[in-house]
2 protein chains.
Amino acid sequence: MEQVDRRVRRTRKSLEDALIALTLEKEYDEITIQEITERADVGYRTFFRHYSDKDDLLKDVLNSTMMELRDLMSPPTPEMLVDPDFKAADFMEGVVLFQHVKEHCDLYRVLLRSERTLVESVMAFIIDEMEENLGSLLIEGLSMEILANHMAWSMLALVRWWLDSEMPYSPEIMGEYSFRLVFKPAREMIFQMNPELPTNQ
Amino acid sequence: MEQVDRRVRRTRKSLEDALIALTLEKEYDEITIQEITERADVGYRTFFRHYSDKDDLLKDVLNSTMMELRDLMSPPTPEMLVDPDFKAADFMEGVVLFQHVKEHCDLYRVLLRSERTLVESVMAFIIDEMEENLGSLLIEGLSMEILANHMAWSMLALVRWWLDSEMPYSPEIMGEYSFRLVFKPAREMIFQMNPELPTNQ
DNA sequence: GTGTTATGGCACACAGTATGCCATAATTCA
DNA sequence: TGAATTATGGCATACTGTGTGCCATAACAC
């Protein structure tokens with residue numbers, strides 16, 4: 001059961017592929033819509049029949065992959081952060097992220113080389129989810145807003161470095177780095193600021 | 001002894017002020033050179049007699065402030081990272097940074113709202129300096145490249161959040177957060193990976 | 001005061017975006 | 001298979017913003 005016209009599917013696919021290919025060659029903001037349509041072998045006029053602008057096409061390209069990651073990575077819950085023995089779980093979060101990045105490295109490169117504002121909107125979404133999950137942990141003198149912001153952007157920085165360096169380490173090793181540099185310190189801070197939690201440090 | 005023509009000084013100052021004012025109102029890439037010259041009350045043609053493009057003007061605006069920060073913040077040396085009792089020093093590094101940001105918050109906002117590529121070039125410079133200072137610490141299984149990249153971008157994320165949130169905490173509190181979330185974990189990782197260093201954990 | 005130089009305002013070429021129009025080709029569905 | 005529908009290609013066009021050439025004028029340095 002085909003819902004959309006085959007021509008539409010073909011055109012959209014060509015435009016998506018063209019944007020990905022071009023982003024791997026040059027900076028996102030140096031790419032023109034004319035180049036995209038030429039590479040996709042599609043009429044210039046046709047672009048605007050599907051997307052309002054370049055960012056709109058990019059969102060379309062990233063949408064399914066980002067939703068996949070969202071389902072794959074449950075944001076850290078209060079239980080995870082508070083349970084003293086949860087090393088394995090945070091660690092796996094990191095590994096899962098780096099594995100997903102490796103599987104879709106072209107798409108992640110597209111995202112990371114796109115405009116600042118788009119990355120920020122994706123991150124804002126992730127941080128909001130994290131904050132919601134951490135909301136129940138109200139600890140005086142500790143801002144869950146800072147914590148969520150720090151974890152999300154620090155993880156992004158690790159991913160960005162990894163991709164820019166042509167992924168010299170395995171997802172497992174990167175998971176270990178992210179655990180030691182990001183997850184563990186955040187968890188330790190929660191423990192140290194809240195005397196009521198069971199301490200095992 | 002005035003070296004440059006007063007008219008030149010006046011024009012450049014007007015253009016710099018206009019860019020700062022406009023950046024606080026809207027996104028950097030939405031600002032046109034026409035707007036800048038109108039706000040500065042300078043002829044459109046005159047802009048190109050001083051700067052090749054918008055980024056060129058922005059670099060000029062940020063240059064002196066970034067050089068000031070560079071002198072203020074010595075990058076972490078191996079001694080600092082390795083000395084078990086250096087908490088006070090890392091802590092002060094963070095405080096100094098947040099104090100400088102507070103003093104020049106408008107300029108930092110301009111930088112953080114500018115194009116991705118400019119922020120990246122400033123960060124690359126900082127990371128290079130860090131790596132050079134960490135170069136003597138060769139520990140098997142621990143990448144100083146990751147460590148330098150992580151520290152620099154994590155600190156930037158904290159600064160960015162602080163500015164976007166209208167600086168709700170003092171530079172001292174932000175210094176404490178940066179120590180606990182960034183400097184201390186990096187230092188601990190070095191200790192744990194190198195059995196030859198004196199451990200006090 | 002005089003020679004020098006920065007500026008302003010004009011015109012212009014150019015690149016890229018975005019839309020309207022219409023003939024044509026591809027597709028869907030009966 | 002054939003008719004109605006719909007997406008596409010190509011053309012012209014308006015618009016915005018960049019970047020440059022030219023020249024009279026005003027501000028400056030000495």
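Computation of the quantities below employed the complete heavy-atom set of this structure, encompassing side-chain atoms and omitting hydrogens, waters and symmetry-equivalent molecules. Since the structure is predicted, the reported quantities are computational estimates derived from the model, not experimental observations. Reminder, nothing fancy here: chain letters follow the sequence lines and each chain counts from 1.
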For this session: Give the intermediate values and the outcome of salt bridge (charged side-chain N to carboxylate O under 4.0 Å, His left out) for residues B/K13 and B/D17.
Result: CA-CA 6 Å; B/K13 183 72 168 51; B/D17 289 347; 2.9 Å; yes
For this session: Starting from the C-alpha separation in whole Å, work towards a yes-or-no answer on salt bridge (charged side-chain N to carboxylate O under 4.0 Å, His left out) for A/E188 and A/K184.
Result: CA-CA 6 Å; A/E188 278 183 7; A/K184 185 160 162 270; 3.6 Å; yes
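Checking the phosphate oxygens (OP1, OP2) of C/dA6, no side-chain nitrogen or oxygen of B/T11 falls inside 4.0 Å. Under 4.0 angstrom from either OP1 or OP2 of D/dA7 there lies no side-chain N or O belonging to A/H50. A/T46 has a side-chain polar atom (N or O) that falls below the 4.0 Å cut-off from OP1 or OP2 of D/dG9.
In this entry the distance linking CZ of B/R9 with P of C/dA6 reads 13 Å, nearest Å. In this structure, B/F48 atom CZ and D/dG21 atom P are separated by 12 Å, rounded to whole Å. Between B/F47 atom CZ and C/dA6 atom P there is a gap of 17 Å when expressed in whole angstrom units. In this structure, CD of B/E38 is placed 11 Å from P of D/dT18, rounded to the nearest angstrom. Between A/D29 atom CG and C/dA15 atom P there is a gap of 19 Å when expressed in whole angstrom units. Look at OH on B/Y44: it is 13 Å from C1' on C/dA13, rounded to the nearest Å. Nucleotide C/dA18 holds its C1' atom 16 Å from the CG atom of A/D55, rounded to whole Å. Distance CD1 (A/I31) to P (C/dT17): 11 Å, rounded to an integer number of Å.
Summary of the strand contacts: B/I33 and A/V42 both lie near DNA chain D, and taking for each the nucleotide with the nearest heavy atom, the more 5' one is attributed to A/V42. Judged by closest nucleotide on DNA chain C, B/R10 is the one of B/R10 and A/R6 placed further toward the 5' end.
Figure legend: A/K54 and A/F47 shown without cation-pi pairing, the cationic atom not lying both under 6.0 angstrom from the six-membered ring centre and within 45 degrees of its axis.
Ranking D/dC11, C/dA6, C/dG16 by closeness to the A/R45 side chain, first place goes to D/dC11. Checked against C/dG16, C/dA18, C/dT7, the side chain of A/T32 finds its nearest nucleotide in C/dG16. Across C/dG9, C/dC21, D/dG19, the shortest atom-to-atom separation from the side chain of A/R49 is found for C/dC21.
Between B/W162 and B/F98, the distance separating the two ring centers is shorter than 6.0 angstrom.
In this structure, the side chain of B/R116 engages the main chain of A/R113 through a donor-acceptor pair within 3.5 Å.
Scanning atom types as modelled, one donor and one acceptor separated by under 3.5 angstrom connect the side chain of A/R7 and the base of C/dA26.
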